[in-house]
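Structure, as structure tokens:
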Amino acid sequence: MPMLSSRGFIAYLVSAFSCAVLSALFLTNHIHDDNKASLLTSHVSGTLKVWPELEPSWRLVLATVIGFLGSACGTVGGVGGGGIFVPMLNLLLGFDTKSAAALSKCMIMGASTSSVWYNVRVPHPTKEVPILDYDLTLLFQPMLMLGITVGVALSVVFPYWLITVLIIILFIGTSSRSFFKGIEMWREETLFKKEKAKQQATLVGEDKTVKIDTKCEPLIPKEEKSTIEILCLNLRWKRILVLIVVWVSFLLVQVIKNDVEACSSWYWVLFGLQFPIALLVFGYEAVKLYKEHKRRMNAGNLECICEASIAWTAMNLVFCALCGIVGGIVGGLLGCGGGFVLGPLLLEIGVIPQVASATATFVMMFSSSLSVIEFYLLKRFPIPYALYLTLVSVLAGFWGQFFVRRLIAFLGRASIIVFILSGVIFASVLTMGVVGIENSIQMINNHEFMGFLDFCSSQ
């Protein structure tokens with residue numbers, strides 16, 4: 001069972017995160033008062049906007065190429081690519097950290113939207129069901145969006161070096177986990193190909209003609225239906241309406257909260273209002289999956305309820321809720337999509353790569369668009385750059401899906417998606433890790449405050 005095999009990975013994350021947070025608490029409690037004087041200076045310098053002009057240059061060309069490849073690979077892997085975009089925008093184009101995070105959300109939104117448009121026009125690889133798993137989307141989307149709001153709040157409190165350490169711990173774990181998952185799938189696909197070749201050789205020996213059995217072809221999309229028919233099958237409007245209602249609810253809360261004084265009574269009321277919204281939708285979907293699973297088990301029906309192959313017990317549902325929140329918190333801390341957690345998680349619970357990629361990207365479309373609107377209202381990014389980079393990502397998301405789907409059909413190996421996912425996360429470890437370590441060393445040399453900040457005074 002996937003959950004049991006994840007215990008070692010969970011223990012690694014909990015122990016490593018605990019050590020990092022305790023170290024930060026130690027620094028906070030033992031810092032000298034003299035060093036706290038630099039807190040205001042570092043905070044003010046960190047909020048200065050640096051917006052370079054959009055003009056032709058080698059930096060812009062290189063950023064376009066990196067952005068295109070990052071968006072293409074990120075959407076195929078279902079992780080967005082924010083871990084690559086933020087360092088690129090910060091180091092290569094010269095944006096300040098907050099503006100780079102806001103622009104990365106624009107790129108994730110553009111890439112995920114075009115990727116979703118491509119995915120709803122292709123059929124499910126093995127079944128007559130939508131390629132987007134709406135049950136898993138309704139389960140994870142509200143918790144992911146709740147986690148993003150918590151992550152944004154924690155990004156104000158957490159010291160920069162601690163965020164960097166947590167990023168490295170998480171991304172190394174998910175990247176290696178996904179890589180080994182890809183190797184396992186590659187071996188299974190190799191065995192499948194060998195068995196199929198033996199069957200074909202047997203048929204050739206008996207009938208002197210080659211007979212290809214296309215009854216079970218789990219890796220190559222079928223092209224029996226028209227695009228309109230596939231589109232109608234993939235779009236479930238009632239489910240999409242529920243997702244839009246959740247999205248609008250979170251948006252309204254965020255917009256109203258931005259006009260309220262930080263740490264006032266109304267601020268905390270609005271902040272707390274997000275929890276019942278998320279828990280209501282998650283709870284409804286969780287109870288539905290739990291009851292359906294229990295009913296099927298009592299009837300002796302072992303068929304999976306949705307794309308995930310796990311048993312929908314109370315413990316597993318709680319685990320999924322926590323992973324959704326953690327994914328959102330990571331997205332809020334880094335300015336990247338929660339797909340860095342959601343993508344590997346969907347694979348871990350037994351979702352096939354094509355559906356995992358499509359579903360994770362679908363969820364990211366909602367979460368990233370919410371952040372983009374909020375950043376636009378706060379005037380966190382320059383419009384010309386946002387439009388240009390979004391256009392690059394839209395093209396990359398569509399053509400990335402197109403070429404990889406064709407490659408899967410040609411090679412007959414869906415594990416390619418898993419390796420792309422692992423590669424994007426590992427590249428994010430390198431880029432964000434290098435930038436984070438460099439900035440942390442600079443803060444140490446400047447004798448800046450390295451502990452937890454006060455939430456209310458840092459707003």
Side-chain angles (χ1 to χ4, degrees), residues 17 47 80 82 86 97-99 101-106 108-109 112 137-158 162-163 166-167 170 242-283 285 320-342 345 360 362-381 452-459:
F17 277 25
T47 57
V86 174
T97 304
K98 289 188 176 181
S99 299
L103 283 170
S104 83
K105 286 290 188 181
C106 296
I108 294 171
M109 181 190 70
S112 59
T137 301
L138 286 169
L139 194 69
F140 287 111
Q141 187 230 20
M143 307 310 288
L144 188 72
M145 296 178 77
L146 177 63
I148 287 175
T149 61
V150 175
V152 171
L154 290 178
S155 67
V156 178
V157 178
F158 277 35
L162 178 59
I163 295 176
L166 295 179
I167 290 169
L170 178 64
V242 174
L243 294 168
I244 292 175
V245 169
V246 175
W247 182 86
V248 172
S249 300
F250 271 87
L251 177 62
L252 290 176
V253 171
Q254 292 299 320
V255 171
I256 297 172
K257 184 164 66 72
N258 289 334
D259 294 330
V260 176
E261 183 183 355
C263 294
S264 64
S265 299
W266 278 110
Y267 179 91
W268 292 116
V269 168
L270 290 169
F271 187 86
L273 188 61
Q274 298 168 111
F275 286 82
I277 294 173
L279 292 174
L280 182 66
V281 179
F282 173 83
E285 188 63 31
C320 290
L322 292 176
C323 288
I325 293 177
V326 170
I329 290 174
V330 171
L333 283 172
L334 309 183
C336 61
F340 282 97
V341 173
L342 184 58
L345 174 63
F362 187 50
V363 174
M364 277 194 301
M365 181 182 69
F366 286 97
S367 60
S368 60
S369 59
L370 176 68
S371 300
V372 167
I373 293 177
E374 185 179 358
F375 285 140
Y376 171 75
L377 295 175
L378 295 173
K379 297 180 180 180
R380 288 281 186 87
F381 54 75
F452 286 99
L453 307 180
D454 181 74
F455 179 78
C456 297
S457 63
S458 302
Q459 292 296 309

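Residue numbers count from 1 along this sequence.
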About how many Å separate [atom2] of [Y] and [atom1] of [X], when rounded to the nearest 0.5 Å?
X      : Y      : atom1 : atom2 : value
Leu280 : Glu285 : CG    : CD    : 12.0 Å
Lys105 : Met364 : NZ    : CE    : 9.5 Å
Ser367 : Met109 : OG    : CE    : 11.5 Å
Ile108 : Ser371 : CD1   : OG    : 8.5 Å

Can you name the nearest heavy-atom pair linking [X] to [Y], along with the distance?
X      : Y      : value
Ser368 : Ser112 : OG-OG, 3.9 Å
Phe282 : Pro142 : N-CG, 4.1 Å
Phe250 : Leu370 : CB-CD2, 3.9 Å

Please tell me if the side chains of [X] and [Y] come closer than 4.5 Å, counting only heavy atoms from C-beta onward.
X      : Y      : result
Ile277 : Val253 : yes
Arg380 : Leu103 : no
Glu261 : Tyr267 : no

**Prompt:** Can Met143 and Leu279 be said to form a side chain to side chain contact (heavy atoms under 4.5 Å, CB included), step by step?
**Reply:** CA-CA 7 Å; Met143 307 310 288; Leu279 292 174; 4.1 Å; yes

**Message:** Could you check whether any side-chain N or O of Ser264 sits under 3.5 Å from a backbone N or O of Val260, counting only pairs where one atom can act as donor and the other as acceptor?
**Reply:** no

**Asked** Residues in ring-ring contact (aromatic ring centres under 6.0 Å, His included) with Phe271, at least two apart?
**Response**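 In terms of ring-ring contact (aromatic ring centres under 6.0 Å, His included), with neighbours along the sequence ignored, Phe271 is linked to Trp268.
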
**Fill in**
Residues passing the ring-ring contact (aromatic ring centres under 6.0 Å, His included) test with Phe362, sequence neighbours excluded, are Tyr134, Phe366

Sequence neighbours left out, cut at 3.5 Å: what donor-acceptor pairs do the side chains of residues 146-154 make with other protein atoms?
| from | atom 1 | to | atom 2 | distance (Å) |
| --- | --- | --- | --- | --- |
| Thr149 | OG1 | Leu146 | O | 2.6 |

**Item:** Pairing residues for Ser369 by the side chain to side chain donor-acceptor pair (under 3.5 Å) criterion, not counting sequence neighbours
**Value:**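 Checked Ser369 against side chain to side chain donor-acceptor pair (under 3.5 Å); matches are Trp247.
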
**Request:** Keeping to residues at least two apart or across chains, list the side-chain hydrogen bond (donor to acceptor under 3.5 Å, both in side chains) pairs with something in residues 270-282.
**Result:**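 Every side-chain hydrogen bond (donor to acceptor under 3.5 Å, both in side chains) pair that includes a residue of residues 270-282, provided the two are not neighbours, is Gln254-Gln274.
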
**Prompt:** With Val248, which residues qualify under side chain to side chain contact (heavy atoms under 4.5 Å, CB included), at least two apart?
**Reply:** Ile244, Leu252

**Message:** Run the side chain to side chain contact (heavy atoms under 4.5 Å, CB included) test against Cys323 and tell me which residues pass, sequence neighbours left out.
**Reply:** Phe319, Leu345

